[in-house]
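Each chain gets a letter, A, B and so on, in the order the sequences are listed, and its residues count up from 1.
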There are 2 protein chains.
Amino acid sequence: MLNSYSTADKVLLAVDCIIFGFDHEGLKILLIKRDFEPEKGKWSLIGGFLKKEEVLDSAALRILESYTGLQDIYMEQLHAYSDIDRDPVERTISVAYYALINIENHNAEMIQNYDPQWFKVADAPKLIFDHDSMLRHAIRRLRYRTSIKPVGFELLPEKFTMRQLLELYESILDKELDKRNFISKINSLDILVKLDEKDMQSSRKGSYLYTFDKEKYDAKLLNDFVLNL
Amino acid sequence: MLNSYSTADKVLLAVDCIIFGFDHEGLKILLIKRDFEPEKGKWSLIGGFLKKEEVLDSAALRILESYTGLQDIYMEQLHAYSDIDRDPVERTISVAYYALINIENHNAEMIQNYDPQWFKVADAPKLIFDHDSMLRHAIRRLRYRTSIKPVGFELLPEKFTMRQLLELYESILDKELDKRNFISKINSLDILVKLDEKDMQSSRKGSYLYTFDKEKYDAKLLNDFVLNL
DNA sequence: TTCGAAAAGTGTAAAATCTACATTAATAAA
DNA sequence: TTTATTAATGTAGATTTTACACTTTTCGAA
């Protein structure tokens with residue numbers, strides 16, 4: 001019978017995580033050397049299997065934490081991948097999630113206790129299975145997301161310069177942006193607070209530091225807008 | 001062990017289809033009375049279980065065809081739903097797909113041999129499980145899609161009037177559009193061919209019929225744009 | 001102390017796009 | 001031939017987007 005629960009096939013359900021980070025070198029992606037067969041030792045997204053009593057969103061969080069120690073990361077579902085032979089061992093459907101995190105905040109502990117590595121998106125090694133394709137889709141989604149939601153809160157340090165924000169957008173969109181136009185567009189979003197404090201690392205003159213106005217930022221997360229950069 | 005294939009749980013994987021159609025009454029959604037327990041007799045999206053040797057995309061096509069006879073329908077994956085108790089019988093993860101189809105082209109055969117029914121989106125009955133939530137997401141996705149890809153080829157008859165196209169967009173976006181602005185924006189997409197033929201049903205004067213320029217339409221499907229309606 | 005180097009900060013004019021809006025045209029039916 | 005009905009059409013003003021260059025600040029070197 002077509003729709004009998006009892007005769008329907010059951011399958012393994014995996015979750016793979018595309019974790020984006022950002023630092024002075026640009027947009028990065030977090031990868032691990034796979035620690036079990038098949039493809040042991042090859043570069044891979046962080047992944048694992050869904051447990052029966054678990055929701056996908058939670059599985060993504062659990063799996064991310066188990067490989068990185070990272071907690072309370074906001075992830076979004078990307079897509080379900082189901083090619084028959086995507087996993088050579090056994091039929092496995094994988095649901096991919098992606099997240100944005102601040103590298104500096106998390107890196108020390110993570111590198112100490114686990115073994116993930118950051119790669120510049122452009123320099124990422126070949127990945128196992130269909131993970132390259134997942135990564136490509138995630139980048140596309142991130143670019144799109146950038147055009148309708150604010151980005152940066154999760155990726156930048158608490159205090160940051162306008163230049164850092166500009167470089168974040170440039171590295172996500174992979175194109176140069178006009179500095180003055182960018183600043184006025186970002187300012188028109190009204191999500192930044194200019195501090196009375198300068199960062200003196202980057203120049204003699206020093207550049208003002210900003211933070212996000214969390215409330216306004218979150219409000220913008222809910223209501224899509226068009227940001228034409 | 002965390003990532004052992006042999007100890008990982010297997011789950012049922014369902015596919016549910018949100019089928020959008022359009023006719024003179026507006027945007028519609030195709031539903032069936034569920035023909036098996038639980039919730040037998042209640043309104044439901046068209047759905048079924050993934051088979052082990054099947055890709056999700058194909059499962060969506062197979063399931064749609066089994067309930068409607070519809071073939072060669074282009075569907076897009078929407079989201080994977082995994083609430084623990086979303087299906088009361090057994091843990092089931094469902095991947096939702098959505099599609100756009102032309103009601104008039106397909107209706108006769110479908111209604112004859114199967115028992116699905118069209119509902120105006122606004123008048124849809126309460127659905128089983130989390131199908132209401134799937135439908136809401138699909139509508140949101142369709143609206144978004146409408147702002148970055150052309151819509152209509154799959155939903156309108158071969159030849160259609162500008163008014164029909166306008167009403168399609170209005171019913172998807174659920175708002176009134178300015179006729180003249182709409183026409184000039186659509187024309188600027190350069191995807192329509194104006195025919196030397198009028199539809200005399202709707203008025204004394206008659207209104208010109210259009211078709212889509214399939215090539216240009218398809219090209220626009222690939223490259224996103226912003227259509228500010 | 002002055003000078004040079006390096007990045008920060010700032011404004012505008014022209015072009016493009018978006019919006020709001022009303023009249024005339026064509027035809028069939030009465 | 002008149003009337004009723006819907007189709008078709010254009011523009012001016014407002015808004016947004018784009019392209020673009022010079023001045024400011026301060027540290028460190030001469």
Side-chain angles (χ1 to χ4, degrees), chain A residues 23-26 146-148 150 152 156-157 159-171 173 175-211 220 223-229, chain B residues 23-26 146-148 150 152 156-157 159-171 173 175-211 220 223-229:
Chain A
D23 67 12
H24 60 279
E25 293 183 317
T146 300
S147 74
I148 57 162
L156 290 172
K159 298 173 183 182
F160 52 89
T161 64
M162 215 28 118
R163 167 165 294 267
Q164 283 177 286
L165 188 61
L166 171 67
E167 284 173 358
L168 170 61
Y169 272 82
E170 286 184 333
S171 65
L173 300 175
K175 69 174 178 191
E176 287 202 357
L177 300 174
D178 180 274
K179 183 174 45 156
R180 277 176 291 187
N181 293 341
F182 175 78
I183 290 173
S184 62
K185 282 174 185 177
I186 289 293
N187 280 333
S188 75
L189 291 182
D190 188 30
I191 52 173
L192 294 186
V193 181
K194 186 176 192 169
L195 301 177
D196 242 359
E197 193 181 343
K198 284 189 162 187
D199 169 84
M200 300 306 294
Q201 307 305 113
S202 61
S203 75
R204 308 274 152 95
K205 185 177 176 184
S207 52
Y208 281 103
L209 289 165
Y210 292 79
T211 56
K220 286 273 194 285
N223 302 309
D224 296 351
F225 53 83
V226 177
L227 183 60
N228 234 343
L229 291 172
Chain B
D23 68 11
H24 60 280
E25 293 183 316
T146 300
S147 73
I148 58 161
L156 290 172
K159 299 173 182 181
F160 53 87
T161 63
M162 212 33 114
R163 167 165 296 267
Q164 283 176 286
L165 188 61
L166 171 66
E167 285 172 357
L168 170 61
Y169 272 81
E170 287 184 333
S171 64
L173 301 176
K175 69 174 179 192
E176 287 202 357
L177 299 174
D178 181 275
K179 183 174 46 157
R180 276 177 291 187
N181 293 340
F182 176 79
I183 290 172
S184 62
K185 282 174 187 179
I186 289 294
N187 280 333
S188 76
L189 292 182
D190 187 31
I191 53 173
L192 295 184
V193 182
K194 185 176 191 169
L195 302 176
D196 243 358
E197 192 181 343
K198 284 188 164 189
D199 168 83
M200 301 306 293
Q201 307 305 114
S202 62
S203 76
R204 309 274 152 98
K205 185 177 175 182
S207 53
Y208 282 104
L209 289 166
Y210 292 80
T211 57
K220 287 273 193 282
N223 303 309
D224 295 350
F225 53 82
V226 178
L227 183 58
N228 235 342
L229 292 172

Self-check item: Side-chain-base donor-acceptor pair under 3.5 Å for B:K205 and D:dA7
Solution: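 Indeed, a donor on one side and an acceptor on the other fall under 3.5 Å apart.
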Quiz item: Any donor-acceptor pair under 3.5 Å joining the side chain of B:R180 to the base of D:dA7?
Solution: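 Between D:dA7 and B:R180, which were checked side chain against base, a qualifying N/O pair under 3.5 Å is absent.
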Practice problem: Look only at the side chain of A:Q164 and the backbone of A:T161, and say whether a donor-acceptor pair between them is shorter than 3.5 Å. | Solution: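 Flag set: sc A:Q164 to bb A:T161 pair under 3.5 Å.
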[N] [atom2] sits how many Å from [X] [atom1], rounded?
X	N	atom1	atom2	result
B:R163	D:dT6	CZ	P	8 Å
A:L209	C:dA8	CG	C1'	13 Å
A:N187	C:dA8	CG	P	15 Å
A:M200	C:dA5	CE	P	19 Å
B:K194	D:dA7	NZ	C1'	10 Å
B:R204	D:dT5	CZ	P	7 Å
A:F182	C:dG9	CZ	P	13 Å
B:Y208	D:dA8	OH	C1'	9 Å

Exercise. Let me know, please, whether A:S203 or A:I183 comes out on the 5' side of the other along DNA chain C by nearest nucleotide.
Key: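 In this pair, the answer is A:S203.
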Quiz item: For C:dT10, does OP1 or OP2 lie under 4.0 Å from any side-chain N or O of A:K179?
Solution: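 For C:dT10, neither OP1 nor OP2 has a side-chain N or O of A:K179 closer than 4.0 Å.
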Practice problem: Establish, with yes or no, whether the OP1 or OP2 oxygen of C:dA8 is under 4.0 angstrom from a side-chain nitrogen or oxygen of A:K198. | Solution: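 No, no such contact exists.
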Practice problem: When you get a sec, tell me which of C:dA8, D:dA4, D:dT18 is the closest nucleotide to the side chain of A:S202? | Solution: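 Closest nucleotide to the A:S202 side chain: C:dA8.
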Self-check item: A:N181 side-chain proximity, nearest of C:dC21, C:dG11, D:dA4
Solution: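 Closest of the options to the side chain of A:N181: C:dG11.
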Quiz prompt | B:L227 to B:K185 - nearest heavy-atom pair and separation | solution =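 Heavy-atom minimum between the residues: CD1-CB, 4.1 Å.
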Quiz prompt | With B:L229, the side-chain contact (heavy atoms from CB on, under 4.5 Å) member among B:L177, B:I186, B:L166 | solution =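 With B:L229 as partner, B:L177, B:I186, B:L166 yield a single side-chain contact (heavy atoms from CB on, under 4.5 Å), made by B:L177.
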Quiz prompt | Cationic tip of A:K194 above A:Y210 ring, under 6.0 Å, 45° of axis | solution =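 No - A:K194 does not lie over the ring of A:Y210 by the 6.0 Å and 45° rule.
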Quiz item: Can you list the steps and then say if B:L192 with B:M162 is a side chain to side chain contact (heavy atoms under 4.5 Å, CB included)?
Solution: CA-CA 10 Å; B:L192 295 184; B:M162 212 33 114; 3.7 Å; yes
